[in-house]
A.B. asks: 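Shown below is the structure under consideration.
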Amino acid sequence: VQLQASGGGLVQTGGSLSLSCAASGRTFSNYAMAWFRQAPGKEREFVAAVSWSGRSTYYADSVKARFTISRDNAKNTVYLQMNSLKPEDTAVYYCAGDNSPYSNVVENIPKGRWSYWGQGTLVTVSS
């Protein structure tokens, strides 16, 4: 399984960025996907998840109402639309794939189930 994240960059406070994560190597549409991020000197943290069908989503409180996760199973791609960005959103963003198929509940999926990881893409929000 390969996950290739892209779309990071430098943006000013209040701006927007859209991240993409292209998947290959397994049946993408059968598995939940998520975005995590890791800021300098901090642990990796959950950002958002989407169910295998795309009908269920779940967000960390810190990004709720600003970020939107979605997926296009025909393109084997998951997206993260980030609006109203803040300096504290600065981090390397990683996409991750669930190892359990057909999960409709994506709230609080155990960390151990996120078995597949992309290489990360850097998002920098300037103040």
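Small disclaimer: the values here were computed from a predicted structure and weren't measured.
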A.B. asks: Residues two or more places apart in sequence or in another chain: which of them pass side-chain contact (heavy atoms from CB on, under 4.5 Å) with Gln119?
C.D. replies: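 Gln119: side-chain contact (heavy atoms from CB on, under 4.5 Å) contacts with Gln4, Ala5.
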A.B. asks: Strictly by salt bridge (charged side-chain N to carboxylate O under 4.0 Å, His left out), give each pair with a member in residues 75-101 just once, sequence neighbours left out.
C.D. replies: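 The answer is Arg37-Asp89, Arg66-Asp89, Asp98-Arg113.
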A.B. asks: Rounded to the nearest 0.5 Å, what separates atom CD in Gln81 from atom CG in Leu19?
C.D. replies: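 Result: 8.5 Å between the selected atoms.
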A.B. asks: State, with a plain yes or no, whether a side-chain heavy atom of Asn99 is found less than 4.5 Å away from one of Tyr31.
C.D. replies: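 A side-chain contact is absent here, since even the closest heavy-atom pair is not under 4.5 Å.
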A.B. asks: Quick check: closest heavy atoms across Ala34 and Ile69, and the distance to 0.1 Å?
C.D. replies: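 For Ala34 and Ile69, the tightest heavy-atom pair comes out as CA-CD1, 4.2 Å.
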A.B. asks: Looking at every non-hydrogen atom in both residues, tell me the closest pair between Ser70 and Val78 and how far apart they are.
C.D. replies: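 So the minimum-distance heavy-atom pair works out to O-CG2, 3.1 Å.
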A.B. asks: Which residue in the set Tyr93, Trp35, Tyr79 passes side-chain contact (heavy atoms from CB on, under 4.5 Å) when paired with Cys21?
C.D. replies: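 Result for side-chain contact (heavy atoms from CB on, under 4.5 Å) with Cys21: Trp35.
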A.B. asks: Are Thr13 and Pro87 side-chain neighbours, meaning at least one heavy-atom pair lies under 4.5 Å?
C.D. replies: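 Contact flag for Thr13/Pro87 side chains = yes.
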A.B. asks: Counting C-beta onward and ignoring hydrogens, is there a side-chain heavy-atom pair between Ser16 and Val11 closer than 4.5 Å?
C.D. replies: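 Heavy-atom side-chain distance check fails, nothing below 4.5 Å.
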A.B. asks: Atom CG in Asn76, atom OG in Ser29: separation rounded to 0.5 Å?
C.D. replies: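 Answer for the CG-OG pair, Asn76 versus Ser29, is 7.0 Å.
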A.B. asks: Between OG1 of Thr57 and NZ of Lys64, what distance do you get to the nearest 0.5 Å?
C.D. replies: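 Interatomic distance, Thr57 OG1 to Lys64 NZ, rounded to 0.5 Å: 10.0 Å.
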A.B. asks: If the test is side-chain hydrogen bond (donor to acceptor under 3.5 Å, both in side chains), which one of Asn30, Asn104, Asn73 qualifies with Trp52?
C.D. replies: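 When side-chain hydrogen bond (donor to acceptor under 3.5 Å, both in side chains) is applied between Trp52 and each of Asn30, Asn104, Asn73, only Asn104 qualifies.
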A.B. asks: If you count heavy atoms of other groups shown closer than 6.0 angstrom to NZ of Lys111, is the number above 12?
C.D. replies: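 For Lys111, atom NZ is not crowded (no more than 12 foreign heavy atoms under 6.0 Å).
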A.B. asks: Given 3.5 Å as the limit, does a donor-acceptor pair link the side chain of Ser51 with the main chain of Ser103, or not?
C.D. replies: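 It does not hold such a pair.
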A.B. asks: What's the shortest heavy-atom distance between Leu3 and Ala23, and which atoms?
C.D. replies: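 Taking every non-hydrogen atom into account, CD2-CB, 3.5 Å.
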A.B. asks: Would you find a donor on one side and an acceptor on the other, under 3.5 Å apart, between the side chain of Tyr116 and the backbone of Met33?
C.D. replies: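 A pair under 3.5 Å: no.
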A.B. asks: Starting from Val92, walk the hydrophobic network (Ile, Leu, Val, Met, Phe, Trp, Tyr; side-chain heavy atoms closer than 4.5 Å) and list everyone else you reach, by chain and number.
C.D. replies: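 Traced through the cluster, Val92 reaches Phe36, Phe46, Tyr58, Tyr94, Val106, Ile109, Trp114, Trp117, Leu122.
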